[in-house]
Amino acid sequence: MTRARIKKPKTTTRPAAGSDLWDLRLYVAGLTPKSVAAFDNLKRMCKEYLKGKYRIEVIDLLLHPQLAKGDQILAIPTLVRKLPKPIKMVIGDLSDTERVLVAFDLRQRTAPTVHSELTPRVSRK
Amino acid sequence: MPSAVKSRKLARTTRTLAGTDKQLRKCPTGITGLDQITQGGLPWGRPALICGGAGCGKTLMAVEFIVRGATQFDEPGVFISFEETSEELARNVRSLGFDLDDLIRNKKLAMDFICVERGEVEETGEYDLEGLFVRLNYAIDSVKAKRIVLDTIESLFSGLSNTAILRAELRRLFRWLKEKGVTAVITGEKGDGSLTRQGIEEYVSDCVIMLDHRVHDQLSTRRLRVVKYRGSTHGTNEYPFIIDDQGISVLPVTSVGLDHPASTNRISSGIERLDTMLGGKGFFRGSSILVTGTAGSGKTSLAASFAHATCQSGGKCLYFGFVESPAQFIRNMRSIGLDMEPAIRKGLLLFHASRPTLYGLETHLTVMHRQIEQFKPSVVILDPVTNMVNAGLAEDVRSMLMRLMDHLKGKQITTFLTSLTQSGESFEQTEAMISSLIDTWLLVRDIELGGERNRCLYILKSRGMAHSNQIREFVLSRHGIELLNVYLGPAGVLTGSARLTQEAREQAEKSAGKQGVQRRRVEAEATGKALDAQIAALQAQAVAQALAVEQLRTEEQARQVQELADRSAMGRSRSADIAIVAPSSPVITKPLKGGHQ
């Protein structure tokens, strides 16, 4: 497809202090427009809110179908936040940045580091 | 497996029905009975929907489809579960003898648990279910699966909120499965007013099977119905099915056909005189026999006697008892000289005891069918069918028995039913209203007379044979069952002691009469003899009289001669000139004849 680049970028890693690191995985299945959009949106968001403390792993299920089982992937694209705990999942092309931020508990607090307490789930909608 | 034959048969049917329709390829499920109803199995390479309420056996049917496919038809399968983890599922179906782990090890089965929990997922923007496709594809390819189960795919609706996307993706999924050429089974929970909650029957439109678990009068019955089957004829009725340690069994029993063969072979009833009453040879093989009677009239004894005779002649008998336990039955029958135990040991007699209320009628029927299939008896006894009424409505009982009897007749198995008549009911009416289905109907009844009850038996009807119309007294003794003639005479029909008394009285009367005749004969003879004696005496008297008369005459002559002699002496002495002649005497007068004149 168009930009073959993003197929396997073990991307933009800044090995920052262990516990503060945001470990994100983006599951895609081939270079579909939705997947490309999701990756673009994710990168933009990370740059803005998680500068220097994130790592994005893009997994193409067409190449590694066996990996879908582990994170219970159904929808494509799916973004999984492995770290910090708890694990969070966001599906879709991430075009609604606001909702992604809320889901990742980034909206209420300006500082991106906070996650220590087990925050009650933010109501969707 | 007859399924191949079936599907060919089906294909023929389909052609004749649809005219141009080509043979629809079927994928046999291996589930007993289901392949018969669907005439070969599920549509090959297409998705089929199994829907029904909670706990009706959807998952189990799906599992059996996969397991049978892998084990019997060499078609590996994939089981995608949305509700249970693979471990849970494997544990659950182990009780049915399905070893999923073993199949997985042998690359016959791939399982995947797809967990959908709404709480964990946030949705932002456009997405599709390519991840699901990838997983299915991966699982299918890993075992080269020909079959797949999605149990229950509607769970997706609870996990994902964008139903528009979901529906579009499901449509795509089923199309994709078709292209992939796998036969898919999709399960779905029954919804309000629709077959499934989310209406996925719209997408899976080739074959829809509905399962149902109904409770009537506190008794549950599982039923199955093929709601639709595109491009194929199928049985449209509701068929009962059971789940037991061998999985699912569906019973495609209908009473549409009346084309069972009729045998002219006879089998003994086990009672010699009953056989005599039945044209001398007993029942027809494959016929249905009903014994009705009031409580304690000896129905079970008749049944046992028949069973005993069947086993003794080497036949196999399956005895369904609904009131007695096997031990009780054996003990009781021993009291009338029937030892059932050797037959049981030899495997000729199988006694299956169950309470009628144990499960619903249809389940009873299914269980009986299974037993019959396994045991292959030549005689089936149900004792008593009336208790079945406890397990369902009389109408249902009738329909069930009718189907059972049809099935048995088709297999040339002789059916022996007993039915209890309540006191006060007409004797010629059966509670289960099955009399019209019966070929030979024996009626056992008590006759109360002279302070005692006695059993009587007669044949109410017996199709196709000349049979006795006589009432027989039916006696249970330690030597078995005996039929005796009842007393028929001027005093009416008498049984038991009354019969014995009457017979004794008649005997007495008869002998009294005999003696009277003899006495009279002796008397007459005596009189005759007396008369003879009298006659002899009189004759002797007459002879004596005649002798006496002769004597007198002789004396007279002698006297006359004397007188003459005296007179002539006197004349001589007087010197008379004329000689006096004595009166005629043949002896004396002759020489004196001239002188006397």
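Both the backbone and the side chain of Q66(A) have a heavy atom closer than 4.5 Å to some heavy atom of chain B. Contacts of F113(B) with chain A are made by both backbone and side-chain atoms, with heavy-atom separations under 4.5 Å.
Note: I91(A) CD1 to T124(B) OG1 = 8.0 Å, rounded to the nearest 0.5 Å. The CG atom of L61(A) lies 11.5 Å from the CG atom of L132(B); values are rounded to the nearest 0.5 Å.
Heavy-atom minimum distance, L74(A) versus L156(B): CD1-CD2, 3.5 Å. S95(A) and G125(B) get closest at one heavy-atom pair: OG-CA, 3.7 Å. Closest of all the heavy-atom pairs between R99(A) and E123(B) is CZ-O, 3.3 Å. Scanning both residues, A29(A) and V134(B), for their nearest heavy atoms gives CB-CG2, 4.4 Å. What you find for Y138(B) and P65(A) is that their closest heavy atoms are CD1-CG, 3.6 Å.
When the shell of 6.0 Å around NZ of K82(A) is examined, it contains more than 12 heavy atoms from other residues, nucleotides or ligands.
Between chain B and the residues T97(A), D96(A), I76(A), I73(A), the most heavy-atom pairs under 4.5 angstrom are made by I76(A). Interface remark: of the candidates K34(A), Q72(A), E98(A), Q72(A) forms the most heavy-atom pairs closer than 4.5 Å to chain B.
Between V100(A) and E122(B) the shortest side-chain heavy-atom distance does not fall below 4.5 Å.
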